Amino acid sequence: MKPDYDILIIGGGLVGASLACALRHSSLRIGVIEAVPLAGVTQSNQDERSLTLAYGSKLIFESLGLWPAVAGEANPIERIHISDRGRFGFTRLSAADAGLPALGYVIPQRVLGVELIKLVKTADNDNIEWMCPASMQAIQFMPGYACVTIAYQGAEKILNTRLVVAADGAHSAVRQAVGIDAVRTEYRQSAIVTSVNVSLAHRNIAYERFTETGPLALLPLASGRCGVVWSVSEKQAATMLAWSDAEFLNHLQEHFGDRLGAFSQVAKRMAYPLALTRVPQQVRHRLALIGNAAHTVHPVAGQGFNLGLRDVAALAEIISDAKHTGDDIGDLRILRRYASWRERDNRVTSTFTDGLIRVFSNRFAPLAWARNVGLLAMDLMPPAKRRLIRVTSGLSGRLPRLTRGLPL
Ligand SMILES: Cc1cc2nc3c(=O)[nH]c(=O)nc-3n(C[C@H](O)[C@H](O)[C@H](O)COP(=O)(O)OP(=O)(O)OC[C@H]3O[C@@H](n4cnc5c(N)ncnc54)[C@H](O)[C@@H]3O)c2cc1C
């Protein structure tokens, strides 16, 4: 029997839409199942959150042909200033340290979402069917194909596919349906996300300041404003959401200081609960997990979506190679190549971000002293900085063709 689809992507968020976009010229028959309805041209769950895109992610979006559409709203990060509030340690990273034009880019998540969906839904991609609002209900694995039940247009439909890709986020229904257990560690923190006006020019510098309440990031936006990502305890988050704008701005000023001058005109504040999720199995026969369905990390180093996009670049390459050699794209032997390719990057990134949170949330005086010495030492060691930048930029290890500017 010939299945209805080659690939069914469950979840059309940023990561699922990026995979559809990467495979749009492949002639594979692709279905995308997305639960949240479109509101105009935007998925209504895309928000104004500022996303830091690593330099390697920019290269992937260039290869996908998406970059020209978003470049105008993507502000380069030329330098990052990392410090421990009220203590002596700091480290400065600059694009020049690693010989890159930028350390990364800050872009509103909504802009990426809108442009990705536009590109996927252009008329010439008639191999892609975008089913929305539609939700995955059940999955069964048969010999030769997987059978996915979805709720769509007021009815249940059964779709057959060679490969199911779970891109349905941190609480993945696919993972639950097939019995893959995730190990979730709650940080008992929420990130308060907003943006502010600054009275001094941001000069394309991003700031990561470890404060006693949690890490506080100020990110340079193309509008001249700065995105704010402030991680605090869940209790503190509730208090901060209840503050008036003036109270919030006062506290922000007090915690950040005056490097960016006076803060004003704070936008709407939103809170996101934070957790570390490790998923022991990234593939099964006819199933691959990508993006937040495969891992979630603390946003302290702005790595979550970048990791997901690197999943996309690796999986798209493995699928397209298997297609060219006439192999079954859902075969476990093929999918294991994806899992082993992605294992190291996922492990290193989640360990690095989790380690940062643990080391910087500890107020034990000798440890605080040691980490400040560590920050200063890092500031004085260009090779260590270069290595850190290559890893967090998605430019270390085996690079996918899309990162190298090559077609799939
Ligand atoms: C405060 C904060 C700041 C962040 N900052 C950064 C940053 O600067 N840089 C960075 O790289 N990352 C950052 N991240 C992480 C990044 O936002 C996520 O990693 C990324 O958005 C995950 O995308 P996704 O498509 O995998 O998952 P999601 O965005 O969760 O998308 C999943 C999609 O699946 C759909 N879905 C769910 N269930 C079903 C179902 N049963 N059927 C059909 N569809 C379904 C949902 O509607 C959704 O559209 C940040 C995260 C937070 C919380």
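What you see is a predicted model; the values in this text were computed from it and never measured. Note that ligands are numbered from 1 as they come in the structure, with each ligand's atoms numbered from 1 the same way.
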Q. Can a non-hydrogen atom of G308 be found less than 4.0 Å from any atom of ligand 1?
A. no

Q: Considering the heavy atoms of G304, write down every atom of ligand 1 situated less than 4.0 Å from one of them.
A: 10 (C), 11 (O), 12 (N), 15 (C), 19 (O)

**Q.** side-chain contact (heavy atoms from CB on, under 4.5 Å) partner of L315, chosen from V312, I319, D311
**A.** I319

Q | Proximity to ligand 1 by part of H171, non-hydrogen separation under 4.0 Å | A | neither

Q) Does one side chain, of E129 or Y5, offer a donor that lies under 3.5 Å from an acceptor on the other? A) yes

Q | Nearest candidate to atom 9 (N) of ligand 1, where distance is taken over non-hydrogen atoms, out of T52, V148, L309, L14 | A | T52

(Q) Please determine whether any non-hydrogen atom of A294 lies less than 4.0 Å from an atom of ligand 1. (A) no

(Q) Is the positively charged end of R259 above the ring of Y207, judged by distance under 6.0 angstrom from the centroid and angle within 45° of the axis? (A) no

Q. Looking at A167, which atoms of ligand 1 are within less than 4.0 Å of one of its heavy atoms?
A. 32 (C), 33 (C), 34 (O)

**Q.** Polar contact flag for L274 and ligand 1 (N/O pairs, less than 3.5 Å)
**A.** no

(Q) For F263, does the six-membered ring have the charged nitrogen or CZ of R225 within the cation-pi criterion, i.e. under 6.0 angstrom from the centroid and within 45° of the normal? (A) no

(Q) As an exercise, identify every atom of ligand 1 less than 4.0 angstrom from a heavy atom of G291. (A) 26 (O)

(Q) Any carboxylate oxygen within less than 4.0 angstrom of a Lys/Arg side-chain nitrogen, looking at R387 and D97? (A) no

Q. Under 3.5 Å between some N or O of ligand 1 and some N or O of Y272?
A. no

Q.
Under 3.5 Å between any N/O of V193 and any N/O of ligand 1: does that happen in this structure?
A. no

Q: Using the test ring-ring contact (aromatic ring centres under 6.0 Å, His included), find all partners of Y55 that sit at least two apart in sequence or belong to another chain.
A: none

Q: Verify whether one side chain among S350 and N346 offers a donor that lies under 3.5 Å from an acceptor in the other.
A: no

Q | Gap between atom CZ of R29 and atom CD1 of I128 - 0.5 Å precision | A | 13.5 Å

(Q) Residue-level breakdown please: for P299 versus ligand 1, do any non-hydrogen atoms fall below 4.0 Å on the side chain, on the backbone, on both, or on neither? (A) side chain

Q: Specify side chain, backbone, both or neither for A134, according to which of its non-hydrogen atoms lie closer than 4.0 Å to ligand 1.
A: backbone

(Q) At under 4.0 Å between heavy atoms, is it the side chain or the backbone of S135 that contacts ligand 1, or both, or neither? (A) both

(Q) Could you tell me, atom by atom, which parts of ligand 1 come under 4.0 Å of a heavy atom of A173? (A) 41 (N)

Q. Which of the atoms of ligand 1 are close to G169, meaning less than 4.0 Å from one of its heavy atoms?
A. 27 (O), 30 (O), 32 (C)

Could you give the side-chain donor-acceptor pairs of residues 58-74 under 3.5 Å, partners two or more places apart or in another chain?
unit_1: K58; atom_1: NZ; unit_2: E62; atom_2: OE2; d: 2.9
unit_1: S63; atom_1: OG; unit_2: L59; atom_2: O; d: 3.3
unit_1: S63; atom_1: OG; unit_2: L402; atom_2: O; d: 2.6

**Q.** Numbered atoms and elements of ligand 1 in range of G13, under 4.0 angstrom, heavy atoms
**A.** 25 (O), 31 (O), 33 (C), 49 (O)

(Q) Would you say the rings of Y187 and H298 are close, in the sense that their centroids are separated by under 6.0 Å? (A) yes

Q.
Ring-plane angle category for W243 and F248, please: parallel below 30°, perpendicular beyond 60°, tilted otherwise.
A. tilted

Q: Would you mind listing which atoms of ligand 1 come within a distance below 4.0 Å of any non-hydrogen atom of A191?
A: 1 (C)

(Q) Could you tell me, atom by atom, which parts of ligand 1 come under 4.0 Å of a heavy atom of V15? (A) 23 (O), 24 (P), 25 (O), 26 (O)

